[in-house]
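The residues of the chain are indexed from 1 along the displayed sequence.
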Amino acid sequence: MSSDQNSNHTATIVKEEILLETKWIKTKKLTYRNEKGELREWDAIERTTKKSNFDGVDIIAFMKDKETKENYLILIEQFRPPCNKYVIEFPAGLIDENETPEEAAIRELKEETGFEVNKIISSSAPLALEPGLTNATTGVVIVDVVPLENKGELPKQQLDEGEHIILHLIKVKDLFQTLQKFSKQHEKYIVDAKVWTFAFGQLGCH
């Protein structure tokens, strides 16, 4: 079921003006014609690093404990200057030129967490991120990782210079409660909306 405005037009962009461009982003003023045929303006941000339909990849990585068979989710924590807070998020990163989302997921997961992918479960089409602000897209890749031999010893990360990423290995059954605890420390932490939505879905809410 969907609404239908019975419009005579499909909205489309008719003009783009670059307002500012840096190494990583550019801001644009977009002029578009809406479904009523009216001209309107919109300010938007684009990445300069886009190499394909995907800007980056988000990795939902599961690990099954060898002994207990419990499922764990791998999350990371890192300081995000635009938020001025530490963000609890999925491992993620930009996709390199001529790289598939699956290849990027394997590489980024190894770099940010040290975990190695055992099996790719699924990979999405390009998905919108903040579509009212930017045309940035991500692919969501779901993977199983090689289990730890010793849960007390996390794998060694392969971080780039200047990166500081904290690894969190969380039981899936405790995920939502754990995120709630982070959210209560709102002076320091903020949870990525994708992670919160995923955790809420694990509750089986309808």
Side-chain angles (χ1 to χ4, degrees), residues 21-28 44-64 71-83 85-148 154-170 172 175 179 189-202:
E21 185 167 356
T22 69
K23 179 180 179 181
W24 299 105
I25 63 169
K26 52 188 171 185
T27 59
K28 285 184 173 182
I45 298 173
E46 293 184 8
R47 288 187 180 273
T48 60
T49 52
K50 196 181 194 79
K51 300 294 192 301
S52 67
N53 291 331
F54 297 89
D55 283 286
V57 63
D58 283 83
I59 308 139
I60 301 178
F62 294 102
M63 188 202 78
K64 179 170 285 190
N71 283 319
Y72 288 77
L73 181 70
I74 300 168
L75 296 179
I76 62 170
E77 167 192 336
Q78 63 178 319
F79 183 74
R80 294 295 195 180
C83 298
K85 291 184 181 182
Y86 286 87
V87 180
I88 307 301
E89 56 191 50
F90 292 124
L94 297 177
I95 296 178
D96 290 341
E97 192 168 6
N98 299 321
E99 188 176 43
T100 67
E102 295 82 4
E103 290 168 341
I106 293 170
R107 173 181 57 78
E108 286 288 350
L109 190 68
K110 180 69 173 177
E111 291 173 1
E112 293 191 347
T113 73
F115 279 96
E116 294 187 359
V117 172
N118 182 47
K119 178 184 178 182
I120 293 177
I121 299 172
S122 68
S123 184
S124 77
L127 303 173
L129 292 168
E130 287 285 351
L133 177 67
T134 176
N135 69 346
T137 56
T138 189
V140 175
V141 179
I142 303 176
V143 305
D144 278 329
V145 303
V146 177
L148 293 174
L154 293 174
K156 186 176 180 180
Q157 297 162 290
Q158 300 176 3
L159 301 177
D160 293 333
E161 184 179 353
E163 279 190 311
H164 180 78
I165 293 175
I166 298 171
L167 181 60
H168 293 282
L169 195 59
I170 303 170
V172 172
L175 177 59
L179 296 181
Y189 296 107
I190 189 166
V191 177
D192 187 291
K194 297 186 295 295
V195 175
W196 187 273
T197 303
F198 174 82
F200 195 71
Q202 296 300 301

Any idea which heavy atoms bring Ala92 and Glu108 closest together, and the distance?
-> O-OE1, 3.5 Å
Under 3.5 Å donor-acceptor, Glu112 side chain and Leu109 backbone = no
Decide yes or no for Leu169 and Met63: does some side-chain heavy atom of the first lie under 4.5 Å from some side-chain heavy atom of the second?
-> yes
Min side-chain heavy-atom separation Ile59-Val143 under 4.5 Å | yes
Shortest non-hydrogen contact from Ile95 toward Pro101 = CD1-CA, 3.9 Å
Looking at Arg107 and Glu111, does any basic side-chain N land under 4.0 Å from a carboxylate oxygen?
-> yes
What distance do Glu21 atom CD and Thr48 atom OG1 have between them, rounded to the nearest 0.5 Å?
-> 6.5 Å
Close side-chain approach of Tyr72 to Ile170, heavy-atom, < 4.5 Å | no
Residues 189-196, side-chain donor-acceptor partners within the protein, below 3.5 Å, at least two apart:
from, atom 1, to, atom 2, distance (Å)
Asp192, OD1, Lys194, N, 2.7
Asp192, OD1, Lys194, NZ, 3.2
Asp192, OD2, Lys194, NZ, 3.2

Side-chain touch Leu94/Arg47, heavy atoms, less than 4.5 angstrom = yes
Only counting residues at least two apart or in another chain, list the ones meeting side-chain contact (heavy atoms from CB on, under 4.5 Å) with Ala199.
-> Leu175, Phe176, Leu179
Working to the nearest 0.5 Å, report the span between CD1 of Ile76 and CD of Glu89.
-> 4.5 Å
Determine whether Glu77 and His168 make a side-chain contact, defined as any pair of heavy atoms from C-beta on separated by less than 4.5 Å.
-> yes
Modelled atom types, side-chain donor and acceptor of Gln78 and His164, under 3.5 Å = no
Do the side chains of Lys64 and Val145 get nearer than 4.5 Å, heavy atoms only?
-> no
Does a side-chain heavy-atom distance below 4.5 Å link Ile142 with Phe62?
-> yes
Do Val141 and Asp58 come close enough that some side-chain heavy atom pair is under 4.5 Å?
-> no
Atom CZ of Phe90 and atom CD1 of Ile74: how far apart are they, to the nearest 0.5 Å?
-> 11.5 Å
Would you mind writing out the side-chain donor-acceptor pairs for residues 115-132 within the sub-3.5 Å range, not counting sequence neighbours?
from, atom 1, to, atom 2, distance (Å)
Glu116, OE2, Lys110, NZ, 3.0
Ser123, OG, Glu102, OE2, 2.9
Ser124, OG, Val140, N, 2.8

Going from NZ on Lys85 to CD1 on Ile88, what distance comes out if it is rounded to the nearest 0.5 angstrom?
-> 12.0 Å
Can you tell me how far the NZ atom of Lys28 sits from the NZ atom of Lys26, to the nearest 0.5 Å?
-> 4.5 Å
Atom CG of Leu167 and atom CD1 of Ile165: how far apart are they, to the nearest 0.5 Å?
-> 9.5 Å
